[in-house]
Amino acid sequence: MSLEDLERRISAMEAELAVVRQEAAAARALAAGADRDVAEYRAELRGHTRVLSALRETQLDHYAEHKADAAEIKAGVAQIVRLLEGLGGTQES
């Protein structure tokens with residue numbers, strides 16, 4: 001192998017190394033951007049999870065309130081029915 005061949009090969013390798021370094025820098029920049037995007041997505045997902053948990057708690061509270069109201073209404077209707085039945089027995093035909 002001649003000295004000229006060796007110099008050409010070294011020059012080619014140096015040029016290729018410069019391209020590899022640029023590609024590596026670009027890959028690191030993309031990875032950093034992806035990492036930021038994932039962090040933002042996770043933060044947003046945590047926020048959504050908190051909102052859904054709060055909504056669930058509110059719905060459970062409302063269900064319990066409505067269940068209690070329904071029980072009172074049922075008891076009230078039963079009392080009205082008893083009173084009406086009592087009136088029906090005292091009417092004269």
Side-chain angles (χ1 to χ4, degrees):
M1 179 177 292
S2 71
L3 186 57
E4 285 180 12
D5 288 341
L6 186 56
E7 286 176 354
R8 255 185 282 128
R9 288 180 65 192
I10 289 174
S11 292
M13 289 179 80
E14 287 174 340
E16 189 174 331
L17 181 59
V19 170
V20 168
R21 284 181 176 158
Q22 289 174 348
E23 290 175 353
R28 282 192 298 273
L30 287 173
D35 187 50
R36 277 191 306 276
D37 290 347
V38 168
E40 290 173 8
Y41 175 75
R42 285 183 178 164
E44 192 169 332
L45 185 59
R46 279 192 299 273
H48 288 199
T49 301
R50 281 189 221 112
V51 167
L52 289 173
S53 293
L55 180 60
R56 179 182 182 278
E57 288 299 318
T58 300
Q59 287 177 331
L60 289 174
D61 291 345
H62 288 173
Y63 173 75
E65 290 173 17
H66 291 303
K67 189 174 178 182
D69 291 344
E72 286 182 33
I73 291 170
K74 186 176 179 181
V77 168
Q79 184 178 6
I80 290 169
V81 167
R82 280 193 303 276
L83 291 171
L84 290 173
E85 287 173 344
L87 289 176
T90 60
Q91 287 183 344
E92 295 179 24
S93 304

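Below, all heavy atoms of this structure are taken into account, side chains as well, without hydrogens, waters or symmetry copies. Note that the structure is predicted; figures quoted are calculated from it, not measured. Residues take their numbers from the sequence shown, with the count starting at 1.
Note on Leu60 and Leu52: separate hydrophobic clusters, where clusters join Ile, Leu, Val, Met, Phe, Trp and Tyr whose side-chain heavy atoms are under 4.5 Å apart, directly or indirectly. Hydrophobic clustering places Leu87 together with Ile80 (ILVMFWY residues linked when any side-chain heavy atoms are closer than 4.5 Å, directly or through intermediates).
To the nearest 0.5 angstrom, Arg56 atom CZ is 9.0 Å from Gln59 atom CD. To the nearest 0.5 Å, atom CG of residue Asp5 and atom CZ of residue Arg8 are 4.5 Å apart. Once rounded to the nearest 0.5 Å, the distance linking CZ of Arg9 with CD of Glu16 reads 11.5 Å. Annotation: the span from Leu30 atom CG to Glu23 atom CD amounts to 11.5 Å, rounded to 0.5 Å.
Partners of Asp35 under the side-chain hydrogen bond (donor to acceptor under 3.5 Å, both in side chains) rule, at least two apart in sequence or in another chain, do not exist in this structure.
At least one side-chain heavy atom of Tyr41 sits less than 4.5 Å from a side-chain heavy atom of Leu45.
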